[in-house]
2 protein chains.
Amino acid sequence: MEIIKRHTDYALRALAYLALHANQVVTAGEIAESQEVPLEFLQKILQRFVKSGMVKSHRGAQGGFSLAQEPAEITVLNIVEVMQGPVVMNRCLLGKNGCPRAPKCPLKKSWIDMEEKIAAYMSGITLQDLVDELRAIK
Amino acid sequence: MEIIKRHTDYALRALAYLALHANQVVTAGEIAESQEVPLEFLQKILQRFVKSGMVKSHRGAQGGFSLAQEPAEITVLNIVEVMQGPVVMNRCLLGKNGCPRAPKCPLKKSWIDMEEKIAAYMSGITLQDLVDELRAIK
DNA sequence: CTCAATCTGGATTAAACTTGTCCTGAATAG
DNA sequence: CTATTCAGGACAAGTTTAATCCAGATTGAG
């Protein structure tokens, strides 16, 4: 039961790299090489963050990507949700109407409680925290 | 990002039904009908719990299934792990050697911490709790 | 202005996973 | 014996994951 998919892992690595080089424009190729991520797959991932407004792209020669927000303002939850959507324990809890069994579901409250705890945990970690951790490890 | 797969949901419903009818032998057909689960799929699921020792099967006419343990001794985590394996945030954290990037992973500690919290939460809910909840709802 | 570097976006794809279905066989109560 | 019920392997459609490929748009530098 792996909760974080590979593309989300790649996204976290890529955005941590951008945070480590804040205020610089970095090419997808550089990120791909340093983070050992397939370049063309990474480009698709970065496009999602450009659309979400978390990353700025700079086209043309000498172009690349840079963070559009401060590292301390981007949380792990933000990144996970761009890639995998909202944290949901059970698909019953997705959508407006939910499942017809909800009234007799003995776990519904627990699932919602867990979702909130997981989301809270992930929103407590920012890219700045990851940068600090990376610098401490080095 | 749905964490609980459908077969795990079915398993939870089925075992809760068995707990509700503790010390009785119940057929897969009866569970399937009451819980709105495809019968043949449910049978596969129940077989897994027989192998894991949580459920006893009774073959032949008038046969069926019954819990092999007390409802208060079977946790949601037990059930989830039978269906989906151990709770792991990132596949990097699976296996003995893990991934080669682990030493420079700024999230490893947080992932492990989250895994433990999720597992702890799920092991705090037993089938008896679900039975109590079901009786309260009714 | 041209060209190389670089991002954009759509199409395609292989493998794995999910969610089942089908069928034969084995056990057993009555 | 035989109807009922579980056991287990094979099969399969649909979706997701994890890429790859390619034609096109943009832009900095020479």
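To find a chain, count down the sequence lines: A is the first, B the second, and so on, and within it residues start at 1.
Atom CZ of B/Arg91 is separated from atom C1' of D/dT16 by 12 Å (rounded to the nearest Å). The nearest whole Å value for the distance from the CD atom in B/Glu2 to the C1' atom in D/dT15 is 12 Å.
The closest side-chain donor-acceptor pair between A/Ser110 and A/Asp113, if any, does not fall under 3.5 angstrom.
Closest of all the heavy-atom pairs between B/Ala28 and B/Gln43 is CB-CG, 3.8 Å. B/Ile79 approaches B/Ala11 most closely through the heavy-atom pair CG2-CB, 4.0 Å. What you find for A/Val37 and A/Arg13 is that their closest heavy atoms are CG2-NH1, 4.0 Å. The nearest pair of heavy atoms linking A/Arg91 to B/Arg6 is NH1-NH2, 3.3 Å. Across all their heavy atoms, B/Gly124 and B/Asp129 have their closest contact at O-OD2, 3.6 Å.
For the segment residues 6-13 of chain A, no residue has any heavy atom less than 4.0 angstrom from an atom of DNA chain C. DNA chain D is contacted by A/Pro38, A/Glu40, A/Phe41, A/Lys44 of residues 36-48 of chain A, taking any non-hydrogen atom closer than 4.0 Å. DNA chain D lies under 4.0 Å from at least one heavy atom of each of the following residues of residues 52-68 of chain A: A/Arg59, A/Gly60, A/Ala61, A/Gln62.
The aromatic rings of B/Phe41 and B/His7 lie parallel to each other, their planes meeting at an angle below 30°, with 60° marking the opposite boundary.
More than 12 non-hydrogen atoms from other residues, nucleotides or ligands lie less than 6.0 angstrom from CD of B/Gln24. Crowding of A/Gln69 atom CD: a count of heavy atoms from other residues, nucleotides or ligands under 6.0 Å exceeding 12.
Bounding nucleotides for the chain B contact on DNA chain C, 5' to 3', at a heavy-atom distance below 4.0 Å, are C/dT18 to C/dA29.
Residue pairs meeting the ring pair (Phe, Tyr, Trp, His ring centres under 6.0 Å) criterion with at least one partner in residues 48-76 of chain A, sequence neighbours excluded, do not occur; the list is empty.
Rounded to the nearest 0.5 angstrom, B/Ile31 CD1 and B/Leu20 CG are separated by 11.0 Å.
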Carefully, step by step, assess A/Lys5 and A/Asp9 under the rule salt bridge (Lys or Arg N to Asp or Glu O under 4.0 Å). CA-CA 6 Å; A/Lys5 305 295 178 190; A/Asp9 189 54; over 6 Å; no

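Applying the side-chain contact (heavy atoms from CB on, under 4.5 Å) rule to A/Ser34 yields the partners A/Tyr17; only residues at least two apart in sequence or on another chain are considered.
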